[in-house]
J.: 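Got a structure for you, written out below as C-alpha cells; questions coming shortly.
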Amino acid sequence: MIRVFGIVQGVGFRPFVSRTAAANHIRGCVCNKGSYVEIMAQGEKKALQSFYNELQHNPPPRAAILKIDREKAEGVKTYSSFDIIESTKEKGDIFVSPDIGICDACKKELFDKKNRRYLHPFINCTACGPRLTILDAMPYDRERTSMGEFPMCADCTYEYTHPETRRYDAQPVCCKKCGPEVYLMDRHERGSSAITEARRVISNGGIIAIKGIGGFHLSCDATNEAAVCRLRRLKKRPIKPFAVMIKNLDVVRNECDIHADQEAVLTGHQKPIVLLDKKTGGKICQQIAPGNPKIGVMLPYAPLQLLLFTYDDEMSMPDILVMTSANESGAPICRMDIDVRREVVHMCDLVISHNRKIRLSVDDSVMDFYDGKPYMIRRSRGYAPLPFILSRQYKGQVLGIGGELKNTFCLGKNNLFYPSPYVGDMTDVRTMKALRESIVRMETLLEVKPSIVACDMHPRYNTTIIAGELGLPVFSVQHHYAHILSCMAENKYSEPVIGVAFDGTGFGTDGTIWGGEILTADYTGFTRRGAIEPFMQRGGDIAVKEGWRIAISMLYSIFGNSEIFEKSIRQLALCDENNLMAQCFMADNHINSIRSTSAGRLFDAVSAILGICRSSTFEGEASMTLQFAAERWKRKHKEPELLHRYDLKLQNGIFYLPTNELVRHMAEGILARWPTGCLAYIFHRILADMIIKACKKVRADTGIATVALSGGVFQNRLLLRMCDKGLQDYEFRVLKHSLLPPNDGGISLGQAVAAMQYIQNR
Ligand code: ZN
Ligand code: ZN
Ligand code: FE
C-alpha cells in the first residue's frame, strides 16, 4: 500500500497512477482520500519497484508530492485489474489546488477547427482549469464543484472515464454541448455572438466587464488613450497603474524588457501579473501607468480571454488590453452578476458573463522581481491556498485574521499554514462581509477548525472586531512583530533575528503609531530596540494621503516657529497660508496629533519636500515616485558624496535613527537648488546606511547576526537592495520575502505562527 501526500487532487494524479500501473502490469486500485491518495498495488517485485519509482520521479506536471509512505498491507484481497475507486474521505492535511492557467494542449485544441471544442470558452483538462474558485468541499470531485450542475454529455463522459484521454478524471471537463455558456448581461446575445459583440465593443474603443476565473475584470484597448482615460474617469482612479493582458510573449517582448526568469513566471501556469520595465516606443499608452517605469503584464489564462484576442469573426483586435479588477474602489472584486449590476454596470458599455459560478473571489496575483527571484506584491490566484510548511512540529489549529489593508487571513494546522487569497482593504463593509464569508469557506475546504484567532493589536481595526465575533479566544499580535514573523516563517527560520519592519502604519505597544522599527524577535516574542525618530502625525487619516502635512509637522519640529521655517515652507510651496496657519495652530495646541515612527509617512514627507509628490491619490504613490526619481537620477550619475555623519541617538533604552536630521538636510538641499533626483537618491542611501548601522548596534548588543527585512516599505527595491547588499557586506545573513508579500498582505502568516506557538505550551 502506498500513500501519496501533497497536491495530488485535481491534477490528474489518479489517472497517472492508473496509466503507470497499466504500463507496469500492476493490479490494484487508487483512491482519493481527500487529504492524500491511497494506492493498492500487486505485481512482480521488479514491476512494483519500477511502478514506485515512476510515481516518485515522474508525477504529472501540476502535482507536488510532499511525502510518499509505502507499507505492506495485510489481509488484502487479490485484485484482477487496476481501478480508480470512488472517493471516501479521511482526515488529514488538505492540499487544495490553486486555479491553473490554460495549458498548451488545450490552447491548441481551442484553435483547431477540427476539434469538437474549437473556440469553446470553457475548455480545460486534468492539467489546467479552475480549481479553488469552483470548489465547495474536498475531496475534489465534480459534484462538489460549481460544475456539478452541468451533467456531462456522452462524449465528455467517455473522456472522463478513459485513462488514455487527457481528460480522464478532469472534474470541470465539458464541451459546447454540455458545458456552461457565455452571454451578455441584460441582452439577448449568447455564445459566439456574445463573444463577437464583446470584441466589437473593445475594438471600437469601448469598455467591457468580463467574467474571468476568480472574478470580473474591466477591459478596454490599452493602446487607445481615450478609452483608457474614460475608464480612469469612470473607475475614479486617476493615476494608479492598470494591469494589462498581452496577447502573447512576442508582443510582450516588443513592449517590455524581460529576463528569462521573469519569462518563466509570466508564461508559467500560475499566470500572475509580472511587473516589467517598459520599453520606449511601445504601443501601450502613457495613461496605463503614468510616470511609472514599469508595467504590470499578464498573459491570457482563461480560454475566454484568449478568444477576446483571437476569434473567427474576422475582426481585428488590439494585442494589449487593460485588465483591471471590476469593483468599486475599496470593494472586493465582483464575482456574480448581481455584484456587477450593483457596482460596475455604469463603468462599462457591456458585460460578458457566463453561468459557471465562481464560489470564491480570487484576484490576480502581482509579482515583482528582486535579484532574479520572484518578489510577491499580491499573492492570490495561482498561489493561494498553497501552504507554507514550517519545519517545527506544531500541534493545533489557528486562524490569523490579517491586517486592515491588503487583507489576507491565514489558517494554520500543525506545521502547515495556508494564507488565503487577497481579500482587500477592510475599510469597506463589503470587504468585511467577504472576509467573514471567505473564512468560513476556507475553513470548510481545508478542514481547519481554529481553536484561537490571532489579530492585530489595533483596537479599532475592523479585523480586530471580526476576530471578536468568532467566539474564539482572541490573541493579539503587534503589527511589526507579525511582519517579522511572516518573513521568518517564509524562510523556515526559527532562530532569533534582528527584524527591520518598515511600513506605513501599525499600532505600537505604547499606543503610538509605529512603522520604522528595529526589533529583535523569535517565535515567542520581541523587543523593540530602535526606530526612526518620532514625529507628530496630525489630522488623522488625511495625513496618510497628504504628505505635505507630515512635511510641515516635521519641519516645524526641526526649525521651530522661526523665520527659516516660514521661508522654507513658502519656497518649498508645501501649502497655502491658511493651511499653514491651521497646521501651526494644531501643532501649538496639540490638536489631533499622534506620535509616530511611520517610515511610510517619512517617505511621503520627503517626497513632498522635494516637490515630487505633495499628496497621493493611492497608497504608496508618494514613496513610489520618490524611488523612481532616485533611480532615474542614479542611472545617469555616479554615487554622490555624502556630506554629513548621522549617529544613532540613545533615549530611554531605545535608539533612534536620526531621520529628522536627514529631513532637515533634504529641505536645505532643495532650498540650495540641488537636483531633486540626487536628493531622493541620497535620502535612500542615508536611510539604508542608518538601518545597517542600527543592525550593527543590535548585533554588538545581542550577538544576533541574521536580519529579516519586512514591511510595505521594502516593496521599494532601491532601499531593499541597498539594505540587503550593505548588510551582506557586513556579514549579516539577510532574510527577505519572495512568495509572500512584504506588505500587510503577508502579516496573517506571522499572526498565525504567533498563535500556534502560543498554544503549544498550554
Ligand atoms: Zn488543459
Ligand atoms: Zn460534453
Ligand atoms: Fe504593515
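The shown structure was predicted, so the numbers you read here are calculated from the model rather than taken from an experiment. Every heavy atom of this structure was used, including side-chain atoms; hydrogens, water molecules and symmetry mates were not. Counting starts at 1 for both ligands and their atoms, in listed order.
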J.: Would you call the rings of His458 and Phe507 parallel, tilted or perpendicular if under 30° counts as parallel and over 60° as perpendicular?
T.: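 The arrangement is tilted - the two ring planes meet at 30° to 60°.
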J.: Check for me whether Arg381 meets the cation-pi criterion with Tyr301, that is, NZ or CZ under 6.0 Å from the six-membered ring centre and within 45 degrees of the ring axis.
T.: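 Arg381 over Tyr301 ring: yes.
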J.: Which angle, to the nearest 10 degrees, do you find at the Zn ion (ligand 1) between SG in Cys106 and SG in Cys103?
T.: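 Seen from the Zn ion (ligand 1), SG and SG are separated by roughly 110°.
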J.: Return the orientation label for the Phe502 and Phe714 ring planes: parallel under 30°, perpendicular over 60°, tilted otherwise.
T.: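 Geometry flag for Phe714 against Phe502: tilted rings.
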J.: Would you give the angle at the Zn ion (ligand 2) between Cys153 atom SG and Cys156 atom SG, to the nearest 10°?
T.: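 Taking the Zn ion (ligand 2) as the apex, I get 110° for this pair.
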J.: Is the distance from the ring center of Phe526 to that of His480 below 6.0 Å?
T.: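 No, too far apart.
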J.: Report the angle formed at the Zn ion (ligand 1) by atom SG of Cys125 and atom SG of Cys128, rounding to the nearest 10°.
T.: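 If I round to 10°, I get 120°.
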J.: Taking the six-membered ring for Trp, are Phe475 and Tyr758 parallel (under 30°), tilted (30 to 60°) or perpendicular (over 60°)?
T.: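 Phe475 vs Tyr758 ring planes: parallel.
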J.: I need the protein N, O or S atoms closer than 2.8 Å to the Fe ion (ligand 3), given as residue plus atom name.
T.: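 Sorted hits: His479 NE2, His483 NE2, Asp503 OD2, Asp744 OD1.
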J.: In terms of side-chain geometry, is the basic nitrogen of Arg721 or Asp724 positioned less than 4.0 Å from the acidic oxygen of its partner?
T.: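 Salt bridge flag = no for Asp724 with Arg721.
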J.: Taking both backbone and side-chain atoms into account, decide whether Cys174 has an N/O/S atom under 2.8 Å from the Zn ion (ligand 2).
T.: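 Within the cut-off used here (under 2.8 Å), Cys174 places no N, O or S atom near the Zn ion (ligand 2).
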J.: Are Asp141 and Arg14 ion-paired here, with the side-chain N under 4.0 Å from a carboxylate O?
T.: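 Salt bridge present between Asp141 and Arg14.
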J.: Does NZ belonging to Lys357 count more than 12 external heavy atoms closer than 6.0 Å?
T.: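 Counting other residues, nucleotides and ligands, NZ of Lys357 stays at 12 neighbours or fewer.
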